[in-house]
Amino acid sequence: MREVLVRSIKAQMKIQEMAFMLVAVMIFFGMVALVYFSITLANVRSQAASLGDQEAQALARQMATTPELGLASSTDCANCVDMEKAFAFKDQTDIYKKLWNIDYLMLERVYPASDEKICAAAFEYREQKCNQLVLIGSQPYATKTAFVALAIWDPSLRNGNGGWKYELGKVHVSPKRI
Amino acid sequence: MLKRGDRRGYEFSFGWLFALFVGAAVLALAVFIAIQLLDTGQYQRESEEAKRIGVLLTPAETGLEEGKFSTIYVDDETRLMNDCELPTTNYPFGTQLISLATRPSYRSEWQEISGIESSFHNKYIFSTKMPEAEGEFYVLSKPLSMPFRVSSLVILWSDKENYCLRETGADPQILTQLRRLNMTNIYLKADGCPSDSTEICFSGGCDIAVQFIGTSHGVVKKDAQQLPFILSTDSDPYALMYAAIFSDPDDYSCQFRRLAARAEYLSIIYSSKAQSFSSCGADIVPIFQDYASFLNTFKSGAPTQQQMNDLYQKMMGVKQANDARSSCPVY
C-alpha cells in the first residue's frame, strides 16, 4: 500500500513536471514569435516609408512636366514650372491634395535671390518680396527636392507686350506620412 | 509468487504516451505556423511589388516625348489586377487601383487572395482586366492633349499577349509611329497574323475593329461593345484609340471619365490664369469656363459617340481661341 502511494506521488510529480515544461516551452515560443513579428513589422514600416520616398522623389523630378504646373504656353522652355498656373492652382489646393500621394508641395525661387518668405499673392512674388510658394500642406517632412526652372509672366518685357521671365528654383515634395 | 516487473515486456507508460502526443501536436503547430508565415511573406511581397510598379510607372510616363515604350521585368509569374474607380466627392480625380498576385516556382497553383491594392489618383492604366506575365510587362506611354495637356496614358500588356495589326486600311501615320516604337509582341502584317494573336483591323472584321468617323473621332469595336474615342491635338492624335484597343471596355469608360474630370479642373486653372492675362488678347475666360462645364457632363455616364463629337468641337474651339492669342497664349 505504501509502495503504491509512493509510486502514485512520483507519477503525479512527473505529470506536473511535464506540464510546467510545456508551459515554459510555450512561453519561450511566444517570446520568439513576439520578437519575430516586431522585427517584421518594423521592416514593413521601413519598406512602406522607402516606397513613399521613391514616389515623392519621382514626383519631384517630374513636377515641371505635370499638366497642372508645367509651362505649356511657351516653346522656350517646355520643362519649366508655370508660376501663373501655380498661383491659380493655389486656390484649388483642397482638390489637388488628393491627386498626388503627398503631404507637402512647395516651390522655392533660388535665383535671383529675394526675401526668404512664403508668398501670399502673385504680386509679392513678382516684386521679389517672397520666394516660397506653398501649394499643399504646411509642414515639410522627409522632403525630396529637385531643381527646376520657374517661369513668371512679366508684362513689362518686349516693349510692354509682355513675356516670360525665367528663374532658377526648387521643388520640395514630402511623401504621405505613415 | 510473481513480482511486478518480472514479466518480460515493454512498459509503455502514460508519461511516454503523453510526451508523444504533445510532441506531435507541437510539431503540427510549428508546420502550420511556418506555412502561414510563408503566405504572409508572399502577401507582403505582392503588396510591395504593386506599389513599386506604380512608382516605376511615373518615369515611364511621357514628358516631352510623343510616345515611350518600356519593359517591366518581374521575377515570378505575375498577375496584375487593374481596377478603376470613378471620381467621387472625396476623390474628384477617381482612383487607379493596382494589385499583384504572384506564383513562385515552388507553388503549382495561384493564391486566391492577391496583395493589398495600391491606389493612385494621377495614373491612367489601360489594359485587360488581369494581364498575366511570365517575366515581362510592356508599357506604352502616350500623351493626351484635349487641347491642353491632360495626362499621359499608360497602355500595358504582358509577354503572354500578342497583338497583330493588319496594315490594310490603316493610316500611314499610325504604321510609322508603331514601327518607330518597335514594341514587343505587337506585329504589323499586311495579312496572315499569327494564330495566337489578337487581330486589330481598320477595315473588315476581326477581333478588334477600328472605325474612324470623319477626322474628329472614331469607335473601337471589341467584345460586342463599342468604345468611342476622339483624336487629340497631339502630333500623334491616336492615344485614346490605342487605349481603347488594349483596354478592358469597362475600364476604358471609367478611365476616360477620370480623364474628363482632370481636364475639367485643368480648364478651371486655365480660366484663372487667363484672368491674369486679361490685358493681353481677347477674353478667353468664358471659353474655358464653358469647356469645364461641358466636361462635367461626362460624370453622368459612359461616353457616347455624340458626346465625343461634341467634345471634339468644344476642344477645337478652345484651341482656336488660344491660338488666336499668338503673343500670350494661355497654354
Side-chain angles (χ1 to χ4, degrees), chain A residues 3 11 14-15 17-19 21-22 25-26 29 33 36-37 40 43-44 47-48 50-59 61-62 64-74 78-79 82 84-92 94-96 98-101 122 153 155 158 161-164, chain B residues 4 13-15 18-19 22 26 29-30 33 37 40-41 44 47-48 51-52 54-59 61-64 90-93 95 118-122 143-145 148-152 262-263 265-266 268-277 279-280 322 325 327-331:
Chain A
E3 191 178 331
K14 283 186 180 173
I15 290 170
E17 279 172 14
M18 177 71 85
M21 186 272 297
L22 283 173
V25 164
M26 286 301 142
F29 281 141
Y36 172 80
F37 282 118
T40 307
N43 185 38
V44 168
Q47 282 281 22
S50 166
L51 285 169
D53 280 356
Q54 286 175 30
E55 193 178 8
Q57 185 71 64
L59 204 57
R61 285 194 200 114
Q62 279 215 316
T65 58
T66 59
E68 283 76 15
L69 293 174
L71 178 64
S73 49
S74 170
N79 225 18
D82 184 344
E84 301 293 340
K85 274 206 293 196
F87 279 103
F89 174 96
K90 198 172 176 324
D91 300 330
Q92 310 272 341
D94 286 340
I95 292 168
Y96 279 96
K98 293 164 184 171
L99 180 62
W100 302 300
N101 284 333
W153 182 258
R158 296 191 301 163
N161 290 324
W164 291 99
Chain B
R4 284 178 86 107
S13 65
F14 169 75
F18 190 68
V22 170
V26 167
L29 191 64
I33 289 172
L37 286 175
T40 305
Q44 180 188 335
S47 305
E48 287 172 8
K51 183 71 175 180
R52 201 166 280 127
V55 172
L56 273 176
L57 287 174
T58 300
E61 290 174 12
T62 56
L64 306 172
N90 281 335
Y91 296 107
F93 298 100
T95 310
S118 289
S119 61
F120 302 88
H121 305 288
N122 61 338
L144 177 69
S145 298
F148 38 79
R149 177 73 177 267
V150 175
S151 183
S152 290
R262 183 102 180 249
Y265 287 108
L266 279 166
I268 294 170
I269 288 178
Y270 281 118
S271 73
S272 298
K273 180 183 171 184
Q275 282 169 358
S276 62
F277 277 42
S279 59
C280 170
N322 187 64
R325 298 162 57 99
S327 58
C328 52
V330 176
Y331 71 84

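In what follows, chains carry the letters A, B, and so on, assigned in the order in which the sequence lines appear, proteins first and then strands, with residues in each chain numbered from 1.
- Annotation: maximal heavy-atom pairing with chain B below 4.5 Å, among A:Gln47, A:Arg158, A:Met21, A:Gln57, occurs at A:Gln47.
- Proximity of a side-chain donor or acceptor of A:Lys98 to a complementary backbone N or O of B:Asn90 within less than 3.5 Å is detected.
- When each of A:Pro67, A:Gly52, A:Gly163 is scored by its heavy-atom pairs under 4.5 Å with chain B, the top score falls to A:Pro67.
- Between the side chain of B:Asn122 and the backbone N or O of A:Trp100, no donor-acceptor pair lies under 3.5 Å.
- Heavy-atom distances place the side chain of A:Tyr36, and not its backbone, under 4.5 Å from chain B.
- With a 4.5 Å cut-off on non-hydrogen atoms, B:Val22 touches chain A through its side chain but not through its backbone.
- Heavy atoms of B:Phe148 lying under 4.5 Å from chain A are absent altogether.
- Heavy-atom minimum distance, A:Asn43 versus B:Gln44: ND2-NE2, 4.0 Å.
- In this structure, B:Arg262 CZ and A:Leu99 CG are separated by 4.5 Å, a value rounded to the nearest 0.5 Å.
- Put simply, of B:Ile268, B:Leu37, B:Val330, the one with the most heavy-atom pairs under 4.5 Å next to chain A is B:Leu37.
- In terms of heavy-atom proximity, B:Ser47 sits nearest to B:Ser118 at O-OG, 4.2 Å.
- B:Glu48 touches chain A through backbone and side chain together, each having a heavy atom under 4.5 Å away.
- For B:Ile33, no part lies near chain A; criterion is any non-hydrogen pair under 4.5 Å.
- Going from atom CG of B:Asn322 over to atom OH of B:Tyr331 covers 4.5 Å, rounded to the nearest 0.5 Å.
- Contact annotation for A:Met26: only side-chain heavy atoms (C-beta onward) come within less than 4.5 Å of a heavy atom of chain B.
- Between the OH atom in A:Tyr96 and the OG1 atom in A:Thr66 there is a gap of 9.5 Å [rounded to 0.5 Å].
- There is no contact between A:Ser50 and chain B, counting heavy-atom distances below 4.5 Å.
- In terms of the side-chain hydrogen bond (donor to acceptor under 3.5 Å, both in side chains) criterion, A:Gln92 has no residue partners (sequence neighbours excluded).
- Of the listed residues A:Asn161, A:Leu71, A:Val25, A:Val44, the one with more heavy-atom pairs under 4.5 angstrom with chain B than any other is A:Val44.
- With chain A as partner, the option from B:Val150, B:Thr40, B:Thr95, B:Val26 having the largest number of non-hydrogen pairs under 4.5 angstrom is B:Val150.
- Under the side-chain hydrogen bond (donor to acceptor under 3.5 Å, both in side chains) criterion, B:Lys273 pairs with A:Ser73, A:Asp82, not counting sequence neighbours.
- Interatomic distance, B:Tyr270 OH to A:Glu68 CD, rounded to the nearest 0.5 Å: 8.5 Å.
- Looking at A:Lys14, there are no atoms closer than 4.5 Å to chain B (heavy atoms on both sides), in backbone or side chain.
- Neither the backbone nor the side chain of A:Arg61 has a heavy atom closer than 4.5 Å to any heavy atom of chain B.
- If you measure heavy-atom distances from B:Tyr265 to chain A, the contacts under 4.5 Å come from both the backbone and the side chain.
- Using a 4.5 Å cut-off between heavy atoms, B:Ser119 contacts chain A through its backbone alone, with no side-chain atom that close.
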